[in-house]
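A short write-up of the structure that comes next.
Here the structure is a predicted model, which means the values were calculated and not measured.
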Amino acid sequence: MTGAVIIAGLGPGDAAKVTPEVAAALDQATDVVGYIPYVARVAPRPGLTLHPSDNRVELDRATHALEMAAKGARVVVVSSGDPGVFAMASAVFEALEARPDLAHVPITVLPGITAMLAAAAAAGAPLGHDFCAINLSDNLKPFALVERRLRLAAEADFAMAFYNPRSKSRPHQFARVLEILRECCDPARLITFARAVSTPEQHLRTVALAEATEDMADMRTVVLVGNSATRRIGPYVYTPRSA
């Protein structure tokens, strides 16, 4: 049996947002590897082995996937959203770089619907022109770098999408993010807090920067910051294409 690693995105939460391509890969998999809650979204079946693991062992699980594929397994490495956006695609290639003996393993990356795009669609079109995405977690990079990128993006007047804004271990950092935004942006700048997008718990709230508080975000929240031209039209938020 010829093994392979398929790196797949499960979308933001709703099963309907899993692409047919990803669903077909899961149907053909012998093994599924991923963070515990993402693997839990894959239905068990005969002939399929699930390998859930903790969130901070990305390289270990990526190496495990490559090793199983080298022995003939058809392994699907799952992430939420898109696997290339702050997720497992990069981790698999990093693991491969450290293991040249596994270079013969075929790898395919299958895209998924990201949380930021699902959140933007639910809100209207706040990312309708130039935008950037910033992971606010400092688990893999110093927070000083987060601050620098945030400041430069705000000064360049990008719309922004923030991943991992606030956790129990990092309760204070999002307050610093809001401070930087207030230093660089008008207080009327619109911010959308999109929590648990595409699930029954979905909740969207759009406020002016001056009204935003750190407790509006948690780890299930994607934060969308408009640029200087972003505005409301009825219940929707959008950024003009000419902005």
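- Counting heavy atoms from C-beta outward, Ile191 and Leu224 have side chains that stay 4.5 Å or more apart.
- Without hydrogens or angle criteria, Ser80 side chain to Pro12 main chain gives no donor-acceptor distance under 3.5 Å.
- Within 6.0 Å of CZ in Arg205 there are 12 or fewer heavy atoms belonging to other residues, nucleotides or ligands.
- Rounded to the nearest 0.5 Å, atoms CD1 (Ile36) and CG (Asp54) are 5.5 Å apart.
- Put simply, the side chain of Gln202 gets close to the backbone of Ser198: a donor and an acceptor are under 3.5 Å apart.
- Between atom CG of residue Asn135 and atom CG of residue Asn164 there is a gap of 4.5 Å, rounded to the nearest 0.5 Å.
- With hydrophobic clusters built from ILVMFWY side chains whose heavy atoms lie under 4.5 angstrom apart, Val237 does not share a cluster with Val225.
- Ser53 and Arg61 share a donor-acceptor pair across their side chains, judged by distance under 3.5 Å alone.
- To the nearest 0.5 Å, atoms CD (Glu147) and CD1 (Ile134) are separated by 11.5 Å.
- The nearest pair of heavy atoms linking Asp31 to Ala73 is OD1-CB, 3.5 Å.
- Residues forming a side chain to side chain donor-acceptor pair (under 3.5 Å) with Asp218 (at least two apart in sequence, or on another chain): Arg195, Thr221.
- In this model, no donor atom of one side chain and acceptor atom of the other lie less than 3.5 Å apart for Asn227 and His129.
- Put simply, CE on Met216 and CD on Glu211 are 7.5 Å apart, with the number rounded to the nearest 0.5 Å.
- The closest side-chain heavy-atom distance from Asp157 to Arg189 is below 4.5 Å.
- Under the 4.5 Å side-chain criterion, counting only non-hydrogen atoms from C-beta, Thr192 is not in contact with Val223.
- Here the closest non-hydrogen pair linking Pro126 and Ala159 is O-CB, 3.8 Å.
- Closest approach of Thr239 to Thr230, counting heavy atoms only: OG1-OG1, 2.6 Å.
- Tyr163 and Phe143 fall into different hydrophobic clusters, where Ile, Leu, Val, Met, Phe, Trp and Tyr residues are linked whenever their side-chain heavy atoms come under 4.5 Å apart, directly or through other members.
- Taking a 6.0 Å sphere around CZ of Arg45, one finds it holds more than 12 heavy atoms contributed by other residues, nucleotides or ligands.
- Looking at Phe93 and Val109, their side chains come closer than 4.5 Å, going by heavy atoms from C-beta outward.
- A salt bridge is defined here as a Lys NZ or Arg NE, NH1 or NH2 lying under 4.0 Å from an Asp or Glu carboxylate O, and Glu183 with Arg176 meets this definition.
- Within the 4.5 Å cutoff, the side chain of Val33 has no heavy atoms near those of the Val5 side chain.
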(message) Go through it in stages, so that I can follow the logic: the residues are Glu94 and Leu59, the test is side-chain contact (heavy atoms from CB on, under 4.5 Å), and I'd like the CA-CA distance, side-chain angles, deciding distance and then a yes or no.
(response) CA-CA 7 Å; Glu94 186 177 350; Leu59 289 179; 3.7 Å; yes
(request) In sequence, state the C-alpha distance, the side-chain angles, and the governing distance for Phe158 and Phe131, and then conclude on ring pair (Phe, Tyr, Trp, His ring centres under 6.0 Å). (result) CA-CA 5 Å; Phe158 282 106; Phe131 71 92; 8.7 Å; no
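- Taken from CG in Leu145 to CG in Asp138, the straight-line distance is 10.5 Å, to the nearest 0.5 Å.
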(request) Might you work through the side-chain contact (heavy atoms from CB on, under 4.5 Å) test for Leu150 and Leu152, ending with a clear yes or no? (result) CA-CA 6 Å; Leu150 171 62; Leu152 290 172; over 6 Å; no
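- Here the shortest heavy-atom pairing between Cys185 and Ala154 reads SG-CB, 4.0 Å.
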(request) Before giving the answer on side chain to side chain donor-acceptor pair (under 3.5 Å), spell out for Glu201 and Thr199 the whole-Å C-alpha distance, their side-chain angles and the decisive distance to 0.1 Å. (result) CA-CA 5 Å; Glu201 293 80 38; Thr199 75; 3.2 Å; yes
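- Residues Leu102 and Val76 are members of separate hydrophobic clusters, defined by side-chain heavy-atom contacts under 4.5 angstrom among Ile, Leu, Val, Met, Phe, Trp and Tyr.
- When all heavy atoms are compared, the tightest approach of Pro106 to Gly3 is CD-O, 3.4 Å.
- When side chains are defined from C-beta on, Thr19 does not count as touching Leu110, because their heavy atoms never get closer than 4.5 Å.
- The backbone N or O of Gly9 sits nowhere less than 3.5 Å from a side-chain atom of Tyr38 that would complete a donor-acceptor pair.
- Scanning both residues, Leu178 and Ala212, for their nearest heavy atoms gives CD1-O, 3.8 Å.
- Looking only at distances, no side-chain donor or acceptor of Lys17 sits under 3.5 Å from a matching main-chain atom of Ala118.
- No donor-acceptor pair closer than 3.5 Å links the side chain of Thr114 to the backbone N or O of Gly81.
- Within a 6.0 Å radius of CZ in Arg232, more than 12 heavy atoms belonging to other residues, nucleotides or ligands are found.
- In this structure the side chain of Ile7 never reaches within 4.5 angstrom of the side chain of Thr108, judged on heavy atoms.
- The cluster map of Ile, Leu, Val, Met, Phe, Trp and Tyr, joined by side-chain heavy atoms under 4.5 Å apart, puts Val32 and Leu10 in the same cluster.
- Taking the salt bridge (Lys or Arg N to Asp or Glu O under 4.0 Å) definition, one finds that Asp186 meets it with nothing, sequence neighbours left out.
- The environment of Arg149 atom CZ is sparse: at most 12 non-hydrogen atoms of other residues, nucleotides or ligands sit within 6.0 angstrom.
- Atom CG of Leu140 sits in a sparse spot, with 12 or fewer heavy atoms from other residues, nucleotides or ligands closer than 6.0 Å.
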(request) Would you please test Arg99 and Glu67 for salt bridge (charged side-chain N to carboxylate O under 4.0 Å, His left out) and show each step? (result) CA-CA 10 Å; Arg99 290 289 302 272; Glu67 290 174 341; 2.8 Å; yes
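- Distance check: Glu21 CD to Ile6 CD1 gives 9.0 Å after rounding to the nearest 0.5 Å.
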(request) Report the C-alpha separation of His51 and Met68 in whole Å, then their side-chain angles, then the decisive distance to 0.1 Å, and conclude whether the side-chain contact (heavy atoms from CB on, under 4.5 Å) test is met. (result) CA-CA 11 Å; His51 303 267; Met68 287 192 293; 3.7 Å; yes
(message) Between Arg166 and Gln173, is the side-chain contact (heavy atoms from CB on, under 4.5 Å) condition met? List the steps.
(response) CA-CA 7 Å; Arg166 186 170 179 263; Gln173 290 174 346; over 6 Å; no
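- With contacts defined as side-chain heavy-atom distances shorter than 4.5 Å, the pair Leu50/Val42 qualifies.
- Side-chain contact annotation: Thr213 with Asp215, donor-acceptor N/O pair under 3.5 Å present.
- The environment of OH in Tyr236 is sparse: at most 12 heavy-atom neighbours from other residues, nucleotides or ligands sit within 6.0 Å.
- At a threshold of 4.5 Å between side-chain heavy atoms, the hydrophobic network of Ile, Leu, Val, Met, Phe, Trp and Tyr places Phe86 and Leu117 in one connected group.
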